[in-house]
J.: 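One structure follows; several queries about it will come next.
By convention in this document, chain letters (A, B, ...) are assigned in the order of the sequence lines, proteins followed by strands, and residues within each chain are numbered from 1. What you see is a predicted model; the values in this text were computed from it and never measured. Below, each value reflects all heavy atoms present in this structure, side chains not excepted, and no hydrogens, waters or symmetry copies.
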Protein chains: 2
Amino acid sequence: MKPVVTIEPNWQLCSDCAVRASAVCSSLDAVELREFEHLGRRVHFSSGETVFSEEDITTSFYNLVEGVMRLYKLLTDGRRQIVGFALPGDFLGMNVSGRHNFSADAIGAVTVCQFAKAPFGRFIEDRLHLLRRINELAIRELNQARDHMVLLGRRSADEKVAAFLLGWRERLVSLKGASDTVPLPMSRQDIADYLGLTIETVSRTFTKLERHGVIEIIHGGISLLDPAKVEALAAA
Amino acid sequence: MKPVVTIEPNWQLCSDCAVRASAVCSSLDAVELREFEHLGRRVHFSSGETVFSEEDITTSFYNLVEGVMRLYKLLTDGRRQIVGFALPGDFLGMNVSGRHNFSADAIGAVTVCQFAKAPFGRFIEDRLHLLRRINELAIRELNQARDHMVLLGRRSADEKVAAFLLGWRERLVSLKGASDTVPLPMSRQDIADYLGLTIETVSRTFTKLERHGVIEIIHGGISLLDPAKVEALAAA
DNA sequence: CCCCAAAATTGATCTGGGTCAACCGGCTTT
DNA sequence: AAAGCCGGTTGACCCAGATCAATTTTGGGG
């Protein structure tokens, strides 16, 4: 996968930004936003490209503006655990060691708002509300991480898949509105690596759910025919 | 387990506090510390007592001063996932929903420094450095959470146990200094629920490691006879 | 010191999900 | 339009770790 990074001339305005309301920048007022605009640079990545890698020195932070990314960690022997999928509005790259602690690559075309670390750090410096916002996002992610630990450690394959479908749908609600048709831009392998399963088990579980009339497997996603049943399967 | 909470008269001084250097309060100067002292109240819990429960309205934050706690989430059918063990210096209770997102109880006797939510929130309000410190702790925890996801989703029982022993030892280093004798105050069930295994598998893995001369099971813990071998087992 | 309950270990057996392998179908390349 | 490829599905079989079932060990209280 050869990098085909495109850097647009930075004529975008934050005020027009699609993720203005949900992203870190939601904590900025009009004046700050003007200054903030000069800090970030829109960058495009095409499908499969890596935005940053685990252990890389952190030189930038990223605000995902458009598209989907997979965030993952690799073991030396190639086993992979996807620790999350990023959606528009997600803020990536915060760490305390100066190095990224997971890798991130694009699933389909992606647009990010990239901030160089130092100027961004300076901008935050004395802006309590922005730091608060970042803190809030971190805590929110921490909760998600803990929920996911429960899923990985204590749930069966069926429960994992059901919980994944519901969780993913839920995340899409705030972006595209509620729908029982759930697009799944990521591959079966991605789903497997997110749920701590194999690709075969994910595939089999999907077909099982379909045979039971609970979902329908459609091109590029699934359709929830019986959301209540899926919720029952996901247990809790 | 009947609560036997003891609240000491609040004559403790933060400046004498055992966790002064590592806890949130490490970001406070002498003057602030004086004010901070009046905010917190030392509370003792005895073994097995619950400090707070998942879904409870958050009324306080806690700074663990002495002892060990297990932090866990339960499924409705009783399955439990321990999402972490807390050690002195750890700060507990931050959340964004107003409710705790996991339960916490004492493993052995515990002392915490308890802060009522509202005054603590007011104290933070305009203290950027304290918020920064809290943010740093949250990000650190997020990294640990992600590492743990890899363990839960992608590692074998042997690797899980080996990684746990090393990780736990590592955490104790900064508190009690380095040692190949690793105290394990938590039960086998706790370890199992932390690693996403059963108690039997944990027990068997310990005995297997002991048979291979890699560890020795001692009273209240284990001794690492061959740390290098354990590291090799933990892989990655 | 003895008793009892809880924790831990050990053994026998079972099974959910992994592994291995074949196959299918839609896209791209030529 | 044939060939090849890649992602996904399906089937057959296997095994790591769960489950079930005894013991054994530990620890606290009288």
Side-chain angles (χ1 to χ4, degrees), chain A residues 1 46-48 70 75 77-82 107-108 151-164 183-212 215-222 233 235, chain B residues 1-2 4 46-48 70 75 77-82 107-109 151-165 183-212 215-222 233 235:
Chain A
M1 193 59 50
S46 45
S47 191
R70 62 176 156 256
L75 297 181
D77 61 5
R79 280 175 288 176
R80 183 177 70 159
Q81 176 66 45
I82 291 187
I107 295 177
L151 179 143
L152 290 171
R154 285 295 179 229
R155 312 194 92 145
S156 70
D158 288 1
E159 291 171 343
K160 285 177 175 181
V161 170
F164 165 67
L184 297 175
M186 68 291 284
S187 70
R188 295 288 190 266
Q189 185 65 65
D190 287 341
I191 299 174
D193 286 347
Y194 181 59
L195 300 178
L197 297 172
T198 59
I199 187 174
E200 293 94 331
T201 300
V202 171
S203 184
R204 273 189 258 269
T205 307
F206 275 164
T207 13
K208 185 165 71 176
L209 290 177
E210 188 170 46
R211 265 204 312 275
H212 290 39
I215 67 170
E216 192 188 353
I217 301 170
I218 58 178
H219 182 74
I222 61 99
L233 275 171
Chain B
M1 193 59 49
K2 47 192 168 309
V4 194
S46 44
S47 191
R70 61 176 156 255
L75 297 180
D77 61 5
R79 281 175 289 177
R80 184 178 69 160
Q81 176 66 45
I82 291 187
I107 295 177
L151 179 143
L152 290 172
R154 287 294 178 229
R155 313 193 91 145
S156 70
D158 288 2
E159 291 170 343
K160 285 178 175 182
V161 170
F164 165 68
L165 291 177
L184 297 176
M186 69 291 283
S187 70
R188 295 288 190 265
Q189 185 65 65
D190 287 341
I191 298 175
D193 286 346
Y194 181 59
L195 299 178
L197 297 172
T198 59
I199 187 175
E200 292 95 332
T201 300
V202 171
S203 184
R204 273 189 258 269
T205 307
F206 275 164
T207 19
K208 185 165 71 177
L209 290 177
E210 187 171 44
R211 266 203 313 273
H212 289 38
I215 66 169
E216 192 189 354
I217 301 170
I218 58 177
H219 182 75
I222 62 99
L233 276 171

J.: Over how many whole Å does the gap from A:Ile222 atom CD1 to D:dG8 atom P extend?
T.: 15 Å
J.: Just compare C:dG17, D:dT9, D:dA18 and give me whichever is closest to any side-chain atom of A:Ala157.
T.: C:dG17
J.: Please pick, from C:dT9, D:dG8, C:dT10, the nucleotide with the shortest atom-to-atom distance to any side-chain atom of A:Arg188.
T.: D:dG8
J.: With respect to the phosphate group of D:dG17, does any side-chain polar atom (N or O) of B:Thr198 fall under 4.0 Å of OP1 or OP2?
T.: no
J.: Atom CD1 of B:Ile199 and atom P of C:dA8: how far apart are they, to the nearest Å?
T.: 6 Å
J.: Between A:Ser203 and D:dT9, does any side-chain N or O lie under 4.0 Å from OP1 or OP2?
T.: yes
J.: Between A:Glu210 (CD) and D:dT10 (C1'), how many Å, whole number?
T.: 14 Å
J.: Over all heavy atoms of both residues, which pair between A:Glu159 and A:Arg154 is shortest? Give the atoms and the distance, please.
T.: OE1-O, 4.3 Å
J.: Assuming nearest nucleotide by heavy-atom distance, tell me which of B:Met186 and A:Leu197 is located more 5' along DNA chain C.
T.: B:Met186
J.: Taking atom P of C:dA7 as reference, at what distance in whole Å does atom CG of B:Asp193 sit?
T.: 13 Å
J.: Separation of B:Leu195 atom CG from D:dG17 atom C1', in whole Å?
T.: 13 Å
J.: Nearest 0.5 Å please: distance from the CZ atom of A:Phe206 over to the CD1 atom of A:Ile222.
T.: 6.5 Å
J.: Does a side-chain N or O from B:Arg204 land closer than 4.0 Å to OP1 or OP2 of D:dG17, or not?
T.: no
J.: Report the distance from atom CZ of B:Arg211 to atom P of C:dT9, rounded to the nearest whole Å.
T.: 12 Å
J.: How long is the line joining CZ of A:Arg155 and P of D:dA18, in whole Å?
T.: 17 Å
J.: In whole Å, I'd like the distance from the CD atom of A:Gln189 to the P atom of C:dT19.
T.: 11 Å
J.: For DNA chain D, whose closest nucleotide is more 5', that of A:Val202 or that of A:Arg154?
T.: A:Val202
J.: As an exercise, state the distance from NZ of A:Lys160 to CG of A:Leu233, rounded to the nearest 0.5 Å.
T.: 15.0 Å
J.: Between C:dG17, C:dC20, C:dT9, which nucleotide has the shortest distance from any of its atoms to the side chain of A:Thr201?
T.: C:dG17
J.: By the definition side-chain hydrogen bond (donor to acceptor under 3.5 Å, both in side chains), identify the one residue from A:Arg79, A:Arg70, A:Arg80, A:Arg188 that meets it with A:Asp193.
T.: A:Arg80
J.: For B:Gly220, report the nucleic acid contact type (base, sugar-phosphate, nothing); a contact means any heavy atom under 4.0 Å.
T.: nothing
J.: Does this structure show an ion pair linking A:Asp158 with A:Lys208, if we count only N-O contacts that are shorter than 4.0 Å?
T.: yes
